[in-house]
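Reckoned from all heavy atoms, side chains included, excluding hydrogens, waters and symmetry mates.
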Amino acid sequence: MMRATQTATLALLALTLPWAAVAQETQTPAAPSDSPPAQEAASQDGTDPNAMSGMTQGADQSSDPGADEDSPAAPVQTAQDRYPGVADPLFSAETRTRNGTPLVPETAGWDSFHGQLNAQKYSPLTQITPENVGKLEKVWDLHTGDVSDGSGDQPATVWSATPIFANDTLYIGTPFYRILALDPATGEQKWAFDTKSRLEALTQPALKNRGVAYWQAANPVEGKICQKIVYIGTMDAQLFAVDADSGKSCPDFGKDGVLDVNQWNTVNDRFPFSVLQPPTVAGDHVILGWAGKDWEYAEAPPGAVFSVNAQTGKLEWAFETLPEDIRRQTGTANVWTAMSVDLGLNMVYLPVASPSPNYWGGNRTQEIPYATSTTALDLDTGEVVWSRQWVHHDIWDYDINSAPTLMDITVDGKEIPALMQATKMGFLFTVNRATGEDVWPIEERPVPQGDGSVEGEYYAPTQPFPTKPAPLLDQSKKPEVWGIADLVSGGQCSKLFDNLDYRGMYTPPTTKGEGVLTYPDSAGGVQWGGVAFDPESQIAVVNTSHIVQYIKLYDRETYDKVAGGSGNENGYYPQQGAPYGMSLMTAMNWLGMPCWKPPFGELVAIDMHTGDVKWRKPLGSSQKYGFFMPESMGSPTIGGPAVTKSGLVFIGATMDAKARAFDLNTGEELWSSQLQAPVVANPAIYEYQGRQYVAFISGGNSILKPAVGDQIAVYALPQ
């Protein structure tokens, strides 16, 4: 009986997981967040964390040991060439120190992607508490109709938006690039705006949208349109500005209400920019990053970030992430996810991705200081204030993929204006957000070097490791094989692991054997949902994924013979222009079961007074085709949390498509609700006419499972 039961269980497990799709969403077109599937993740290089002088020196050096001799000899463009009338801020800034300002919000607004510009995802509302959250009920939901499973003429949709609450209205952007303005209490539509953008997956594997941004004039002109504006970007990099009251286009913005961001795509323009992440609006600045497909090409558009005027769309400044002398031989190091802002310090914080191509760096062996970094810019000028590089010479696609969370914390009795940067590596780097200096020591430690099989490659001798908080997963040793998966596959998993090199997280890609094991893989660690923070208890909360993949490089001749299809961050990718194509596979047995030991995803709380873990628990259950794994094993997660002053954590993020609430202090699950598809963005929390609401968007993401949705579900306590 025992054996029969076990066999049945194993068969069920085999049908359960969409692990082939479990990967990341960076900026590739196959399913991840903002990364295109087969070619869009990012990679990059590293640098000296603290000293601007050091970074400047590295960037200016003319020696180029790895320069591609075949790269085009076209004249290098300066920022002035590309953006006439705009100063080039690169390397021109000096380190400055200013005093921070308290970040506890005074009002319960949720008028930006992460609720507030500090990316705390925090609400000071207290109507819903740990004691009554179990009574939450769905007060309205809405199906937008803007959804596709990819079976018809349209690409599949990936909807990772968070609604924003502003102007007594709930604003939502859809994957068909429409804006909906809804009554916050009933979901009744006030107006809708259709960009009529072409529904083509130009740079991504799917139609993607992460929502909208909102601006309003500090001194509005009575009777004039567009004193409050909602913005939405499109796959082909058109940024639309719409009057927040009427839904009419803003005639003074760009050309008749539309700004063509692609006008600045002038170097290595092998693909268009895609503006899928809503811009960051700070004061009268609208700050834009973009997504592309950097798994496809060695040479790609360099990752400039743009600031434009909120009312006119006129370019104010552009920040170049790549040194001028190598912009034509590499690319990306872009910002495809949300940014954060400290208005008191007048700084915007950029999470910068890795350069192209992602898994070979022989075309970019010199220092690229701002790649795979958190970089703080002066909000008004775009000049660098400080920068910390989190991966040197990134050849693992470890994009910095979420807005850093700004927090005031007290450590050893000292108040610190801090910044926590979550990463795909499972590290949480914590620094002083005014200066970039360590809060807890961040150490440069020796890392594995290559095995000599990859020509032209350079390997950084050290990488930065935080001493606190502890890593969200143990990347120091090869993950354990999951005994059940190994047993039912006749030892397939253990054989695979035996044939994969792993000497820690930074083991370089190889052409040998089955390749190298990657853990965590480029899907995280932590994805774009980032860290939530309660400023009163000083508890930070973050969800993480534990996923094992493996990478192998192929010389061009071999790649052309063996290359197969590519999917959502899983398959073969050409890295055109590089001497090596590559494959990225999830470590599964022939039944589709993950080969590594669970849990597959967790929710973790950290006491920021000490940097110690307060609690951690498996989050959700892995699921496919209607079969669920035990919640004790957790689920890979995409999306992120939001927290309340009353001591609650709200989060979706799991394969099982549930919205959940947890006790912030204990991690106890207190409530859940089944939705149409996984919630792959942070929820929004708002108050309207004296009632507190929690809104989830159930849109799905093929990284988790092949389920799509078009549902907005809003919850409140019974009246």
Specify the closest pair of heavy atoms between [X] and [Y], including all atoms of both residues, with the distance to one decimal.
X	Y	result
G699	A677	C-CB, 4.2 Å
P508	G450	CG-N, 3.7 Å
W590	S489	NE1-CA, 3.5 Å
W360	V454	CD1-CG1, 3.6 Å
A333	T321	O-OG1, 2.8 Å
F497	P479	CE2-O, 3.5 Å

Within a reach of under 6.0 Å around [atom1] of [X], are more than 12 heavy atoms found that belong to other residues, nucleotides or ligands?
X	atom1	answer
K478	NZ	yes
E200	CD	yes
Q674	CD	yes

Fit a plane to each ring of [X] and [Y], take the angle between them on a 0 to 90° scale, and name the class: parallel (under 30°), tilted (30 to 60°) or perpendicular (over 60°).
X	Y	answer
Y506	F465	perpendicular
Y297	F271	parallel
W528	W336	perpendicular

Electrostatic pair R270:E299 at N-O distance under 4.0 angstrom: yes
message: Do the side chains of K495 and D486 get close enough for a salt bridge, i.e. N-O under 4.0 angstrom?
response: no
Is there a donor-acceptor contact under 3.5 Å from the side chain of [X] to the main chain of [Y]?
X	Y	value
D555	T558	yes
T586	M588	no
Q204	G292	yes
T157	S148	yes
Q527	A523	yes
T174	F176	yes

message: One pair to check against ring pair (Phe, Tyr, Trp, His ring centres under 6.0 Å): Y459 and H393. What are the steps and the verdict?
response: CA-CA 7 Å; Y459 303 100; H393 193 70; 7.4 Å; no
query: Between F429 and W390, is a ring pair (Phe, Tyr, Trp, His ring centres under 6.0 Å) present by the stated rule, with each step listed?
result: CA-CA 8 Å; F429 293 102; W390 305 127; 4.0 Å; yes
- prompt: Do the ring centers of W396 and Y519 come within less than 6.0 Å of each other?
  reply: no
